[in-house]
Amino acid sequence: MNEQPDTESEAADDQSPKLLKVREVAVALNVSAMTVYRDIEDGKVPATRIRGSWRVPASYVDDVLGDALRRQAEAKARRPHVA
């Protein structure tokens with residue numbers, strides 16, 4: 001079945017970008033929360049303040065992890081094959 005949102009605000013929520021708390025970003029990237037805060041302040045991490053707390057787009061974390069996996073695969077492909 002195709003479920004439709006009950007209200008207009010639920011429909012808008014489906015289109016809103018998912019935002020993560022700093023601690024969630026830190027856990028996902030295996031770094032400290034302080035590192036994330038510093039990177040936000042340095043402009044390395046896109047973030048917005050909502051009610052006094054920083055929020056980071058989940059797409060940023062996806063991009064960082066995707067890049068890391070891609071670099072790892074490329075490095076593995078460059079290693080000489082030992083038979």
Side-chain angles (χ1 to χ4, degrees):
M1 274 192 162
N2 187 9
E3 291 186 21
Q4 296 295 322
D6 292 334
T7 65
E8 213 172 288
S9 69
E10 284 183 29
D13 288 345
D14 290 343
Q15 297 171 5
S16 299
K18 179 157 172 53
L19 299 174
L20 302 174
K21 295 177 183 177
V22 167
R23 182 74 184 132
E24 294 170 317
V25 174
V27 169
L29 300 180
N30 196 29
V31 297
S32 72
M34 196 64 202
T35 296
V36 178
Y37 283 118
R38 271 192 230 111
D39 287 349
I40 290 170
E41 293 297 324
D42 291 344
K44 296 177 184 176
V45 174
T48 188
R49 279 185 94 86
I50 298 176
R51 295 186 183 188
S53 296
W54 286 108
R55 296 292 191 264
V56 177
S59 60
Y60 169 79
V61 174
D62 293 341
D63 291 346
V64 169
L65 294 176
D67 288 346
L69 290 173
R70 205 169 8 270
R71 283 193 310 271
Q72 184 180 23
E74 289 169 359
K76 187 175 181 180
R78 284 192 300 266
R79 290 186 203 138
H81 180 68
V82 179

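Hydrogens, waters and symmetry mates are skipped; everything else that's a heavy atom, side chains included, is used.
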Should side-chain heavy atoms under 4.5 Å link Ile, Leu, Val, Met, Phe, Trp and Tyr, which residues sit in the same cluster as I50?
L19
Please tabulate, for the side chains in residues 24-41, all donor-acceptor contacts under 3.5 angstrom to protein atoms that are two or more places apart in sequence or on a different chain.
residue : atom : partner : partner atom : Å
E24     : OE1  : K21     : N            : 2.7
S32     : OG   : M34     : N            : 3.4
S32     : OG   : T35     : N            : 3.1
S32     : OG   : T35     : OG1          : 3.0

A58 versus L20, closest heavy-atom pair with distance:
CA-CD1, 3.9 Å
Show every side-chain hydrogen bond (donor to acceptor under 3.5 Å, both in side chains) that has at least one partner inside residues 42-61, sequence neighbours left out.
none
Just jot down the side chain to side chain contact (heavy atoms under 4.5 Å, CB included) partners of E74, sequence neighbours excluded, or say none.
R70, R78
My understanding is that only residues two or more places apart in sequence, or in another chain, count here; which of them pass side chain to side chain contact (heavy atoms under 4.5 Å, CB included) with R79?
K76
